[in-house]
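One structure is given below, encoded as structure tokens.
Naming: A, B, ... by sequence-line order, numbering from 1 per chain. What you see below is based on every heavy atom in this structure, not just the backbone, and it leaves out hydrogens, waters and symmetry mates.
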There are 2 protein chains.
Amino acid sequence: MITAFENYLRQETSLSDADIHQISSLAIRRKLRRNEFLFREGEVCRHKVFVISGLLRIFGMTPDGGEHILQFSPETTWTIDAESYDRQTPSIYNIDAVEPSELLLWTKADFDSLLTRIPQLKKFAEQLISGNTYSGRRRLLTALSATPEQKYEDFVQTFPRLLSRLPLRMIAGYLGISLKTLNRVRQAQLLRS
Amino acid sequence: MITAFENYLRQETSLSDADIHQISSLAIRRKLRRNEFLFREGEVCRHKVFVISGLLRIFGMTPDGGEHILQFSPETTWTIDAESYDRQTPSIYNIDAVEPSELLLWTKADFDSLLTRIPQLKKFAEQLISGNTYSGRRRLLTALSATPEQKYEDFVQTFPRLLSRLPLRMIAGYLGISLKTLNRVRQAQLLRS
DNA sequence: CTAAAAAAAGGTCATTTGACCTTAATTTCT
DNA sequence: AGAAATTAAGGTCAAATGACCTTTTTTTAG
């Protein structure tokens, strides 16, 4: 429902009801089945995406078919390949649905016009982008320096709600370790507790 | 010299000479000796930094003393811990000088006022930040998915000029591999060529 | 509800990687 | 220029990791 999105905006911003309505009036509703793609690498990321319900992921694929996950986007978050969206150039990433999902989409043209018409929205969007950049940095540091145990522990702490919703192979793909190693880590934890 | 900075702005932007002068007039000059810190983790990143000459790095330290490098900043680039700078909160990273370096610094207050007074500058700054975000993403994907060989090859391709200026242990720290592994990769390359 | 598909878990093994140590080469600094 | 410090490189070894395969369990979709 669009209502869920409007509630989200009311909760997270101090936008007026008129502004909120203007924003949602330009949204396109879309559903994705499990495993359905929003776009594939080589295609242009043409929309801003808000996840009403469900769970998306953005990931890169290695030649041998390995999937390396950059980010999960559960309900009430946004997703996009910023590089492809901003420049309207082919993406090197894929986005698909881990669970059946309901989305709101805005074309870049529409969203850009909203950003100029509603400075509050622009500010809010910038905050989201900044937060994403910060967490991306922290994630890079973890990827460079942490052991598999630490990476997994970090994931559990950071995304406790996602744990039960994701196949372990995707968590492994997010952490940059093999499923085998992830299983070993989890086994070791069971023994310890 | 401040001239180097002004030339950089003339080259990279279409800012007026008056604007450029206004920007550089608020800059604080600072020199860093080799290995000298700009700030350490726990401190707040209080300045925007432009590197006139030399080479800085931003890195995180693990409890055992391991250094994991997020980014190198050679001459005519900027550096900062954005999270600490934006929020003026303690940083979890360190910045120090790999080579003796000449810097220009702006306090956040000064730079913020420049950003509001000079919309062009704001646009330019946003472009730089975006570019950084995009490359950070790509870097994360590499960190998650690439073999040591591929990581090193990628580094050589991306930063050919830095190769000869950095101790190998720092390149290892940037790639997230041990010095031993880096040496092995380089040995293998010598044989192949 | 049931058949089919996907996921988890476990076993085995070869390889990679890093830890630790030593030696040689290079660089820095006074 | 010369002493001290840093860096590179190499040897050895144990541990960690991933590849590959099988079996069992769970989930999905018709």
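Among the nucleotides D:dA9, C:dG10, D:dG18, the one closest to any side-chain atom of B:Arg186 is D:dA9. Listed nucleotides C:dG10, D:dG10, C:dG18 differ in distance to B:Thr181; the shortest reach to its side chain belongs to C:dG18.
Looking at B:Leu182, B:Leu175, B:Val185 one by one, the single match for side chain to side chain contact (heavy atoms under 4.5 Å, CB included) with B:Pro148 turns out to be B:Val185.
Look at CG on A:Asn183: it is 17 Å from P on D:dT24, rounded to the nearest Å. At whole-Å resolution of the value, NZ in B:Lys180 and P in C:dG18 are 11 Å apart. The separation between B:Leu168 atom CG and D:dT6 atom C1' is 12 Å, rounded to whole Å. Remark: P of C:dT26 and CZ of B:Arg165 are 21 Å apart, rounded to the nearest angstrom. Taking atom CD1 of residue B:Ile177 and atom C1' of nucleotide D:dA16, one finds them 16 Å apart after rounding to whole Å. The CD-C1' distance, from A:Glu36 to D:dA29, rounds to 15 Å in whole Å. Distance, B:Arg169 CZ to D:dA9 P: 14 Å, rounded to whole Å. Between the C1' atom of C:dT27 and the CG atom of B:Leu166 lies a distance of 15 Å, rounded to the nearest Å.
B:Phe72 has its ring centre no less than 6.0 Å from the ring centre of B:Phe159.
Of the charged side-chain nitrogens involved, none lies within less than 4.0 Å of a carboxylate oxygen, so that B:Arg34 and B:Glu99 do not count as a salt-bridged pair. Between B:Arg30 and B:Glu102 no salt bridge is recorded (no basic side-chain N to carboxylate O distance below 4.0 Å).
When the nearest nucleotides of DNA chain D are assigned to A:Leu179 and B:Arg34 by heavy-atom distance, the more 5′-ward of the two goes with B:Arg34.
At least one side-chain nitrogen or oxygen of B:Gln187 sits closer than 4.0 Å to the OP1 or OP2 atom of D:dG10.
In this structure, B:Arg184 reaches the bases: a heavy-atom distance under 4.0 Å links it to at least one base atom across the strands shown.
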